[in-house]
Amino acid sequence: MEPTSDLTRNVARGHNVGSVVQAGAIQQVSVTGANRWWSVPVVPRQLPPIMPDFTGRQEQLAFLTAQLPVDDQDDRVGAVVITAVNGTCGVGKTMLALHWARQVERQFPDGTLFVNLRGYGPGDPLSAGKALEGFLQALGVPGEMIPAGIESQAGLYRSLLAGKRVLIVLDNANTPGQVRPLLPGHPGCLVLVTSRASLTGLVVNTSARRMTLDLMSPDEATSMLQNLIGPAIDAAGAGEVDELIRLCARLPLALRIAAARIAEASLTIADLITELADEQARLDTLSVSDDEEATVRAVFDGSYRMLDVVTSRLFRLLGLAPGPDITTYAAAALTGLDLPTTRRLLEKLATAHLIESAGRYRYRLHDLLHSYAAEQANLENTQAEREQAERRLLEWYTQQVTAAKRITHPPSSTAPFHEPIPNDLPVLALSSIEDVMAWWDDEAANVSAVLRQVCTNAALLNLTVVLIYGAIGIFTRRGRWTDLFDVLESTVATAQRSGEELIEAHLLCQLAEFLCDMPDRNADRAIEVAKQCLTLAERLGQPSIMSWALNTLALISLNQRRYTDAIGYLHRARPLSAGYQNGRMEGVVEGNLSEAHAHLGHHEQALRHAEQERVLRRRAGDAEGLESASPYHFALAYQSCGRHAEVVKICDETLAQLNKRRGHPRGVGRLLDVMADSLVELGDRRRAAACWEKALEIYDMFDLPRSAEIRAHMRAE
């Protein structure tokens with residue numbers, strides 16, 4: 001039937017010449033004479049299937065929900081709401097976005113649009129034009145009626161969305177430029193973007209709200225594994241689930257792959273932990289055999305391949321740094337770049353979420369990305385380049401630790417070996433005890449990791465020894481017993497293999513003294529190492545090392561309360577120590593003689609040796625010995641002859657200085673301990689108890705056996 005209404009026909013009124021179409025009367029559009037109509041399609045619901053076992057992320061889901069306008073009075077009603085979810089590869093951004101979008105899509109009656117922009121991964125990113133074509137077709141525009149040019153397409157897209165409520169999910173975006181043409185122009189719609197990049201331009205130019213998705217919390221990771229492989233979790237031994245989570249770096253993708261391997265291969269969690277413990281094979285283990293894209297390595301590849309040549313080199317070399325994090329200064333040393341360039345490149349890597357900020361000018365890679373970066377370094381950098389990077393990092397830490405020791409131990413206890421440090425390394429200025437302690441708190445784990453990495457490398461032996469000498473005092477301040485013990489034993493073995501007997505002798509002395517200080521007081525092993533050192537030093541004709549070994553044997557005897565034996569060792573050490581470390585070693589021997597005589601009740605000898613210790617330490621410039629060891633020996637000497645008021649006065653004054661200069665905790669502990677004994681003698685039991693309580697905190701921190709004796713004292717009082 002022919003339509004009869006003017007409203008349904010193309011009608012032109014008035015005087016006309018030629019063919020005329022009245023735009024206001026167009027009801028249907030015919031293209032090239034064919035019967036192709038632009039009709040209204042079904043409401044698009046393009047969200048792909050979601051994971052039914054989605055776990056955790058409640059805080060992040062709440063953040064996204066909070067972006068929804070609450071009512072007509074909400075300011076966001078008059079604006080397009082844009083939220084950008086960013087985070088590292090494999091952290092679960094897409095899964096989170098889809099899970100949330102599925103929960104709220106009923107609030108968007110006009111449809112849900114979804115596109116994977118393929119910003120990272122195999123193949124080229126999807127262009128904004130291609131994405132617009134897909135959206136326009138989903139909104140009912142026939143392909144042949146989509147205009148040419150991205151500006152025209154974006155205009156039509158915005159026109160179609162005007163006045164509608166549509167949820168738009170733009171997944172896996174690469175740059176703000178890929179996203180902007182896909183943003184609606186009128187309020188009512190909500191856009192959710194996911195990206196591995198921070199998309200700062202989107203935040204600046206469109207007022208997008210940004211949310212960074214971090215690794216899962218340990219509890220969230222445990223819940224995910226419980227949902228996926230509950231029986232295996234229940235059968236796991238103590239700590240195995242935590243270890244699996246650690247090896248998977250709390251990365252959701254890695255955890256899902258691990259769970260799939262356990263379920264499909266009938267592995268136990270312990271079996272998989274054994275496989276993952278091999279760092280070089282870890283990325284192979286976290287892969288799915290029948291899907292190349294379902295691997296941790298493939299996901300990382302997508303981000304890595306987007307980097308430029310200079311930035312990718314920095315990322316690879318970061319994989320060679322063994323510590324848990326790295327500063328801009330250390331990264332500049334590692335790569336040989338200047339500080340401004342290094343800082344800029346690190347910021348680029350952080351923006352791409354290949355590294356994350358760990359504080360001011362400090363960055364870290366999670367364990368799997370660290371393994372991936374190291375793997376790429378082995379593939380793309382020559383052995384010579386890797387060795388050079390490793391050496392430069394060691395040189396930088398040696399430079400910094402040596403500078404720190406000049407402040408904490410000026411200037412007598414320097415390493416017996418010199419190794420030239422390049423003058424082009426960046427310098428982080430340290431000017432006070434407070435600077436050193438703060439820096440050490442940040443860097444202790446990194447120094448330990450670097451030493452563990454190089455202690456078996458004979459080519460770096462001299463540098464390693466210099467770093468050990470610089471770090472050993474601060475290691476003991478922090479009670480890092482296991483770290484230092486392992487490094488010393490390994491470096492001794494390296495020196496022995498290399499035939500470097502002088503280095504071996506010095507390191508044996510350090511090891512023996514350290515064994516003497518260790519919490520379990522491994523006296524037999526300490527005596528064995530000290531005697532081994534003494535024999536080697538005698539053969540090499542090294543009197544200073546002989547004196548050091550004898551002093552260590554004396555310390556072991558003092559710990560065992562064999563005071564006469566200690567005095568015998570110290571009398572042998574005293575003439576051999578003359579001039580060593582500018583006289584500091586003579587002062588150390590005199591101080592230990594004072595302590596032994598004090599315990600034996602030899603008051604005059606104790607005071608005489610304490611006086612001589614102070615003179616020698618002052619002459620040597622041994623600031624730390626003067627502020628801690630020397631006052632302690634005077635306090636013991638005065639206590640041995642009943643001058644308790646003087647003991648309390650010395651300890652009070654010394655502790656005030658130590659607290660101001662953040663003195664060695666163990667020095668503080670033993671001064672508090674000896675002062676408490678004298679306070680009891682003076683009848684001030686209340687203050688004595690307070691001193692013992694403070695001393696206990698320190699002794700417990702270092703796990704020292706003296707703790708049990710103090711508790712017995714306090715019970716007796």
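It should be emphasised that the depicted structure is a prediction, and the values quoted were computed from it without experimental measurement.
Under the side-chain contact (heavy atoms from CB on, under 4.5 Å) rule, L394 has a single partner from L460, I421, V466, L334, which is L460.
Taken from CD1 in I650 to CG in L671, the straight-line distance is 9.5 Å, to the nearest 0.5 Å. Note that the CD atom of E489 and the OG1 atom of T494 stand 11.5 Å from one another [nearest 0.5 Å]. A distance of 4.5 Å separates CG of N378 from CZ of R386, quoted to the nearest 0.5 Å. In this structure, CD1 on I710 lies 4.5 Å from CG on L696, to the nearest 0.5 angstrom. Atoms CG and OG, from L534 and S547 in turn, are 10.0 Å apart once rounded to the nearest 0.5 Å. Residue W692 holds its CH2 atom at 13.0 Å from CZ of R687, rounded to the nearest 0.5 Å.
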query = K405 and V436: side-chain contact (heavy atoms from CB on, under 4.5 Å), yes or no, with the steps?
reply = CA-CA 8 Å; K405 189 167 185 178; V436 171; over 6 Å; no
request  = Please lay out, stage by stage, how S628 and T654 fare under the test side-chain contact (heavy atoms from CB on, under 4.5 Å).
outcome  = CA-CA 7 Å; S628 177; T654 305; 5.6 Å; no
query = Between H506 and Y469, is a side-chain contact (heavy atoms from CB on, under 4.5 Å) present by the stated rule, with each step listed?
reply = CA-CA 10 Å; H506 278 280; Y469 265 78; 3.2 Å; yes
Candidate pair V674 and C651, rule side-chain contact (heavy atoms from CB on, under 4.5 Å), full reasoning = CA-CA 8 Å; V674 74; C651 291; 3.7 Å; yes
request  = Walk me through it: do R617 and E590 pass the test salt bridge (charged side-chain N to carboxylate O under 4.0 Å, His left out)?
outcome  = CA-CA 10 Å; R617 286 187 185 271; E590 292 289 344; over 6 Å; no
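V648 places none of its side-chain heavy atoms less than 4.5 Å from the side chain of Q639. Using a 4.5 Å heavy-atom cutoff, the side chains of L570 and L550 are not in contact. Counting heavy atoms from C-beta outward, I545 and L540 have side chains that stay 4.5 Å or more apart. Residues V401 and W439 have side chains in contact (heavy-atom distance under 4.5 Å, counting atoms from C-beta outward). Within the 4.5 Å cutoff, side-chain heavy atoms of E347 are placed close to those of Y363. Annotation: side chain of V450 is in contact with side chain of P322 (closest heavy-atom distance under 4.5 Å). Proximity of I527 to L515: side-chain heavy atoms (C-beta onward) are nowhere separated by under 4.5 Å. Contact check for Q510 versus V492: no side-chain heavy atoms found under the 4.5 Å cut-off.
Across every non-hydrogen atom of A637 and A606, the tightest pair is CB-CB, 3.8 Å. In terms of heavy atoms, T342 sits closest to L314 at O-CD2, 4.4 Å. Of all non-hydrogen atoms in L508 and V529, the two that sit nearest each other are O-CG1, 3.3 Å. Of all heavy-atom pairs between A523 and I556, the closest is CB-CG2, 4.2 Å. Of all non-hydrogen atoms in A620 and Q581, the two that sit nearest each other are CB-O, 4.0 Å. Closest heavy-atom contact between N446 and G323: OD1-CA, 3.2 Å.
Side-chain atoms of D673 never come within 3.5 Å of backbone atoms of G669 as a donor-acceptor pair (strictly under, hydrogens ignored). The backbone N or O of L320 sits less than 3.5 Å from a side-chain atom of Q453, completing a donor-acceptor pair. In terms of modelled atom types and a separation under 3.5 Å, the side chain of R685 and the main chain of L679 share no donor-acceptor contact. In this structure, the side chain of Q400 engages the main chain of L428 through a donor-acceptor pair within 3.5 Å. Side-chain atoms of E385 come within 3.5 Å of backbone N or O of T382 as a donor-acceptor pair.
The pair E528-R525 meets the salt-bridge criterion, with a side-chain N (NZ, NE, NH1 or NH2) lying under 4.0 Å from an Asp/Glu carboxylate O. Ion pairing between a basic and an acidic side chain is recognised when a charged N comes within 4.0 Å of a carboxylate O; D622 and R614 show no such pairing. Ion pairing between a basic and an acidic side chain is recognised when a charged N comes within 4.0 Å of a carboxylate O; R360 and D325 show no such pairing. Between E604 and R608 there is no salt bridge, since none of the side-chain N atoms of the basic residue sits less than 4.0 Å from a carboxylate O of the acidic one. Of the charged side-chain nitrogens involved, none lies within less than 4.0 Å of a carboxylate oxygen, so that R391 and E387 do not count as a salt-bridged pair. We find that R574 and E586 are not joined by a salt bridge, their nearest charged nitrogen and carboxylate oxygen being 4.0 Å or further apart. R562 and D565 are joined by a salt bridge, as a carboxylate oxygen and a charged side-chain nitrogen come within less than 4.0 angstrom of each other. Of the charged side-chain nitrogens involved, at least one lies within less than 4.0 Å of a carboxylate oxygen, so that R392 and D424 count as a salt-bridged pair. A salt bridge links E709 with R561: at least one charged nitrogen is closer than 4.0 Å to a carboxylate oxygen. By the 4.0 Å N-to-carboxylate-O rule, R362 lies close enough to E443 to be salt-bridged with it.
Pairs of residues two or more places apart, or lying in two chains, that qualify as ring-ring contact (aromatic ring centres under 6.0 Å, His included) and include a residue from residues 609-656 are H597-H609. Within the structure, the ring-ring contact (aromatic ring centres under 6.0 Å, His included) test picks out the following pairs touching residues 546-573 (sequence neighbours left out): Y563-H599.
Counting heavy-atom neighbours within 6.0 Å of R572 CZ, excluding the residue itself, gives a total of 12 or less.
There is a side-chain donor-acceptor pair under 3.5 Å between E279 and S371. Of the N and O atoms on the side chains of R344 and T341, not one donor lies less than 3.5 Å from an acceptor on the other residue. Looking only at atom types and distance, the side chain of N381 has a donor-acceptor partner in the side chain of R316 under 3.5 Å away. With 3.5 Å as the limit, one finds a donor-acceptor pair spanning the side chains of Q496 and E504.
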